[in-house]
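Working notes for the structure below.
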Number of protein chains: 2
Amino acid sequence: MVRPTMEDVALRAGVSRALVSLVMRGSPKVSELRRTAVLKAAEELGYSPHAMARSLASRTSTVLGVMVSDLHNAFFAEVVDGIDEVAREQGFDIIINTGGRSPARERRALESLLSFRPAGLVLLSPVVPATAIGKAAEQLPVVLVARSSRVSTVDTVNDDGETGARLAVDHLVSLGHKHIAHLDGGEGSQAGPRRRGYVAAMESHGLVPRVVSSEYTDAAGARAIRGLIEDDALPTAILSCNDFNAVGAISALEDAGLRVPADVSVVGYDNTSLAALRHVSLTTIDQPRAEFGRLAASALLQRVRDGRTEPVRHLLNPSLVVRTTTAPPGGPR
Amino acid sequence: MVRPTMEDVALRAGVSRALVSLVMRGSPKVSELRRTAVLKAAEELGYSPHAMARSLASRTSTVLGVMVSDLHNAFFAEVVDGIDEVAREQGFDIIINTGGRSPARERRALESLLSFRPAGLVLLSPVVPATAIGKAAEQLPVVLVARSSRVSTVDTVNDDGETGARLAVDHLVSLGHKHIAHLDGGEGSQAGPRRRGYVAAMESHGLVPRVVSSEYTDAAGARAIRGLIEDDALPTAILSCNDFNAVGAISALEDAGLRVPADVSVVGYDNTSLAALRHVSLTTIDQPRAEFGRLAASALLQRVRDGRTEPVRHLLNPSLVVRTTTAPPGGPR
DNA sequence: TCTATTGGTTGGAGCGCTCTAATGCTGTAG
DNA sequence: CTACAGCATTAGAGCGCTCCAACCAATAGA
């Protein structure tokens, strides 16, 4: 239950602690003889370096902290994949922490992450106030993903929600739809740009936008649809704020005896694995999630190693993924 | 970009470093006067303790390491919630790391986690060899979730897959089904117990078990169903190895013009959020995931703080969740 | 022969903290 | 007036490591 230290290895290999340190860090200025002796001793003792002591002594860190606001959302998993890929490539490790979508928990998660003094921090769709982010950014490089910021010291990586919404509207219009409603994401992150993009696109097509207030959940999507049906105000096409919402909308439509896409077309947003399920097969807007992660990690590493200081703002282009929930009004011909 | 140290706080508050340390750890033997002075100085400097230095000096850690084999699986998110809940309660933080279902990456993730010298380690459904786990267990308390082990030094938390499969079979039999096939999970974790439970339950009902080889994905579920249809060997009910597989099976059934549950009943396993979607509404077997996490964290903390040494084996009872994909053969009456 | 140079190796200081033992300082009893 | 608690406070060592400067052959150049 007690791990060997460098001292133990040094003793066993008959060299000094400093030499062991050099070997562990792969220094070229060690004779082959000593190197093998040290490695052998380390192996025998089951020694592996103490990352904290190392980082304390060297005043550097090879760890990137990642705060995931919601572990349940598969969106973040793919972003983390991207971060992990780049970090690993560059010899960095990542530690993850979760905030559970609550500002208080997220704050604590942030504190905890900071207490490890990582080289940098990636915050995935954080809900903490901007001031907390600004404070963190005073201490180390910070990148925000799926959340914008005016703080000039942090980098951001976002998708262009306006473009994404426009893509969806254009697709529906090209199929012949004129009555297209948007179930919006309320206060949710990125809901604003999507809503704006929808409205702008509708207007540019000379159509009347109709924004129905909703949320990022399937229950909310279903509720919104039931409301539309009650008001006898069902459009021929729906643009949901995200995939979950879209799936709820589809359920409610089917419950009401309507067929998708024959009677109503539905478009989601995010292209989660849910949308790709054969059973769901949702037309949706894809965001390059792994690319988000790669860019975030790269941005961090640029600051850490190349000492970049001017902020970077990545705005990635979403793309349309056509599956089987959209068709011309009146059904596929 | 440079964080203040205890020394800085001490200087500013006009006290010694040791006193600051006491205040930071909430020691009662500090006068109110000094305490407020120190806290004020800390606040002004934006000081927060350096977790690594602390853990190095105290030779203890308040961090639990969690290795998640696959971040994309929502199953793990809920287990982590449970771990987090207990850990937070007891003043521990958690750091997460991901292995991406590859033994090599997982090994590296393990190394990385160990290098932080956490108080204990939770491995969620790890795929690394047992020897690697045994080695880790020599250095700190280790708990395995969703993976069994014969290593006597590690604790385990699992669901009783045999019972779960039996629950599903009993449900289908009680509906009147006699031809029930199992799409199995191959080499997947926990696939064995589920398969054994299915076979035993079928036999105990005097029915002929039929195990169809499949995998834990929706594509595999669909493929298995297409195979059964081609062979003209479709049963009246299906027990899938997990929810994903079940959803794929349902798609393939519907593609073939069959109705679920009118023509074929389908039961999943895991009760993921997917199953709960109105659109899917899958009858499935629930595992108490958050409870897995809570038990895992508790087991760890017992070893860490109470010094327990005999291993603990938790085997939790799954339960049946009836939704709308099961009905008597020939359709609901 | 003496001085540089080079490559390998080492002692020691110090990273930011905790912990133990010792210190100073009251206040009360002898 | 000394003695002795009892409490708040502090100096100093040390956690496992890195890093710097010093050191020590062994070789090269003069």
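Because the structure is a prediction, the values reported are computed rather than measured. Chain letters run A, B, ... following the sequence lines, proteins first and then strands; every chain starts at 1. Side chains are part of it too, since the values below use all heavy atoms of this structure and drop only hydrogens, waters and symmetry mates.
The side chain of A:Arg54 contributes an N or O atom lying less than 4.0 Å from OP1 or OP2 of D:dT18. The shortest distance between the side-chain N/O atoms of B:Ser21 and the OP1/OP2 oxygens of C:dT18 is below 4.0 Å. Between A:Arg25 and D:dC19, a side-chain N or O to OP1/OP2 separation shorter than 4.0 Å is present. Of the side-chain N and O atoms in A:Arg17, none sit less than 4.0 angstrom from OP1 or OP2 of C:dT10.
When each of C:dT18, C:dG14, D:dT9 is scored by its nearest atom to the side-chain atoms of A:Ala57, the top-ranked nucleotide is C:dG14. Between C:dT9, C:dC19, D:dA8, one nucleotide has an atom nearer to the side chain of B:Ala18 than all others, and that is C:dC19. The nucleotide whose nearest atom lies closest to any side-chain atom of B:Ser16 is, among D:dT10, D:dC17, C:dG16, D:dT10.
Rounded to whole Å, the distance from CG on A:Leu19 to P on C:dT10 is 5 Å. At whole-Å resolution of the value, CD in A:Glu7 and C1' in D:dG14 are 12 Å apart. A straight line from CE of B:Met6 to C1' of C:dT18 spans 8 Å, rounded to a whole angstrom. As a whole-Å value, the separation of A:Leu56 CG from C:dC15 C1' is 4 Å. Rounded to whole Å, the distance from CG on A:Leu22 to C1' on D:dT18 is 9 Å. For B:Arg59 and C:dT20, the CZ to C1' distance is 11 Å, given to the nearest whole Å. Between B:Arg3 atom CZ and C:dC15 atom P the separation is 17 Å, expressed in whole Å. Whole-Å rounding puts the B:Met52 CE to D:dC15 C1' distance at 14 Å.
Between the side chains of A:Arg117 and A:Gln139, not a single donor N or O lies within less than 3.5 Å of an accepting N or O. Side-chain atoms of A:Thr5 and A:Arg17 form no donor-acceptor pair, as typed in the model, at a separation below 3.5 Å. At a cut-off of 3.5 Å, with distance as the only test, no side-chain donor of B:Ser31 or B:Arg35 sits close to an acceptor on the other residue. With hydrogens and angles left out, the side-chain atoms of B:Arg313 and B:Thr156 include a donor and acceptor closer than 3.5 Å.
Annotation: A:Arg108, atom CZ; neighbour count of heavy atoms from other residues, nucleotides and ligands within 6.0 Å is above 12.
Nearest-nucleotide mapping onto DNA chain D: of A:Ser58 and B:Ser58, the residue sitting toward the 5' end is B:Ser58.
A:Arg34 comes within contact range of the sugar-phosphate backbone alone, with a heavy-atom separation under 4.0 Å but no base atom that close.
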